[in-house]
Amino acid sequence: MGQGDHSPSLPLFLLLLLLPLRPDNVAGNLLDSLQVLYMCTDETPFLISGTPRCSQYVMCVHGVKSLNNCPPGMIFHKSKLSCDWPTRDDVKRCYRSIDGYTQESCPANSALLLPIPDSCAMYIDCGKATKPLVNDNHVFECPYPQFFSVTARKCVDFRQGESLCRGRPVPKSPCDYRQYQQVSPVAATCKQRHPSCLGMRDGIHPVSVHATYGYFVRCFRERTIDAFSCTKRQENQTSGEKPGNSNVTCVRQIY
């Protein structure tokens with residue numbers, strides 16, 4: 001082929017190879033997409049440039065290209081070159097909100113339980129995700145102090161390890177859970193009603209102690225496992241007995 005020969009056959013051939021890979025609703029940048037063809041020489045996945053779906057990627061296997069989708073609820077992480085659960089920033093970037101994430105992920109399988117990136121204790125029940133979404137009827141929270149495991153797809157004991165959170169924020173205090181947060185302006189604050197064990201060693205610690213009563217918490221791995229409200233009761237003494245005999249009554253609050 002001479003230097004002056006500008007045959008369009010090669011660009012046209014590349015375009016025909018590329019078109020089946022591109023979703024119908026993707027405009028994209030053709031030049032960016034053509035660059036994928038030149039890079040597709042080994043078994044390395046590449047994220048499609050210009051696609052609005054973060055869950056899609058191109059897999060190159062010995063020069064053969066295929067469009068793939070991550071499992072429902074996951075996105076393709078370019079830095080990891082693999083599918084994984086989205087972070088809080090990923091949800092904002094890819095779906096704008098948790099509702100957008102739900103609407104995009106749940107139609108594939110109504111039985112799915114998806115982790116929410118805002119908290120390791122929260123998850124989405126796709127079976128409750130109606131159209132349109134009503135309030136937060138599809139958003140659930142594990143009982144304190146449990147976690148939602150992305151592998152077991154259920155609430156599990158926090159003692160199984162924070163690695164189950166897969167980078168999601170790890171709640172430790174009772175007030176990190178919605179179930180303990182107070183909404184009434186006249187009620188005591190959440191932290192007053194449900195003391196935290198953050199920074200405390202395992203064992204029983206006083207929260208407030210007065211002459212006639214005291215409040216104690218039992219901590220384990222910075223979680224408030226138990227709370228005790230104790231009162232000192234003064235007994236009436238008969239003649240000849242020394243005053244000051246007393247006993248303490250404690251009421252246990254189960255978390």
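From a predicted model like this one, the values you see are computed outputs, not experimental measurements.
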CG-SG distance between L114 and C126, expressed to the nearest 0.5 angstrom:
4.0 Å
Do N69 and Q56 come within less than 4.5 Å of each other through their side chains, counting heavy atoms only?
yes
Shortest non-hydrogen separation from P117 to V91 and the atoms involved:
CG-CG2, 3.5 Å
Separation between CG (L113) and OG (S149), nearest 0.5 Å, reads 11.0 Å
For the side chain of R153 and the backbone of V150, is there at least one donor-acceptor N/O pair under 3.5 Å apart?
yes
Tell me, with the steps shown, if D176 and S119 meet side chain to side chain contact (heavy atoms under 4.5 Å, CB included).
CA-CA 9 Å; D176 291 338; S119 171; over 6 Å; no
Taking all heavy atoms of W85 and all of G73, pick out the closest pair and write down the distance.
CE3-O, 3.6 Å
Rounded to the nearest 0.5 angstrom, the NZ-SG distance for K172 and C197 is 11.5 Å
Flag yes if M122 and F148 sit in one hydrophobic cluster, no otherwise; membership is Ile, Leu, Val, Met, Phe, Trp, Tyr, and two members link when side-chain heavy atoms are under 4.5 Å apart.
no
For C155 versus P143, what's the shortest heavy-atom pair and its separation?
SG-CD, 4.3 Å
Taking the side chain from Q181 and the backbone from C175, do they hold a donor-acceptor pair closer than 3.5 Å?
yes
Nearest 0.5 angstrom please: T102 OG1 to Y95 OH, how far?
10.5 Å
Classify the ring geometry of Y57 against F76: parallel below 30°, tilted from 30° to 60°, perpendicular beyond 60°.
parallel
Atom pair OG (S229) and CZ (R252), whose distance is rounded to the nearest 0.5 Å:
14.0 Å
Ring-plane angle category for F140 and Y123, please: parallel below 30°, perpendicular beyond 60°, tilted otherwise.
parallel
How close do H205 and C219 get, heavy atom to heavy atom, and via which atoms?
CD2-SG, 3.7 Å
Please test Y144 against T224 for side chain to side chain contact (heavy atoms under 4.5 Å, CB included), starting from the C-alpha separation and ending with a verdict.
CA-CA 9 Å; Y144 178 80; T224 306; 3.8 Å; yes
Quick one, D118 with R88, criterion salt bridge (Lys or Arg N to Asp or Glu O under 4.0 Å). Give me CA distance, side-chain angles, the key distance, then yes/no.
CA-CA 6 Å; D118 291 341; R88 185 182 306 177; 3.0 Å; yes
Quick check for you: to the nearest 0.5 Å, what is the distance between C142 atom SG and K154 atom NZ?
11.0 Å
Donor-acceptor pair, side chain of R221 and main chain of R159, under 3.5 angstrom
yes
Where is the tightest heavy-atom contact between K128 and N137, given as atom of each residue plus distance?
CB-O, 3.6 Å
Looking only at side chains, do D90 and T87 share a donor and an acceptor under 3.5 Å apart?
yes
Where is the tightest heavy-atom contact between Q146 and Y177, given as atom of each residue plus distance?
O-OH, 2.7 Å
Got P171 and P145 here, is their nearest side-chain heavy-atom distance under 4.5 Å?
no
4.5 Å side-chain heavy-atom contact, L164 and F158:
no
Any donor-acceptor pair under 3.5 Å linking the side chain of E104 with the backbone of P72?
no
Using the rule given for salt bridge (Lys or Arg N to Asp or Glu O under 4.0 Å), can you reason through R178 versus E141, listing the C-alpha separation, both sets of side-chain angles and the distance that settles it, and then say yes or no?
CA-CA 8 Å; R178 289 186 178 184; E141 184 179 58; 5.6 Å; no
Side chain to side chain contact (heavy atoms under 4.5 Å, CB included) assessment of R93 paired with I75
CA-CA 11 Å; R93 174 174 57 87; I75 67 170; 4.1 Å; yes
For I116 and R168, what are the C-alpha separation, side-chain angles and deciding distance, and is it a side chain to side chain contact (heavy atoms under 4.5 Å, CB included)?
CA-CA 8 Å; I116 292 181; R168 291 172 291 157; over 6 Å; no
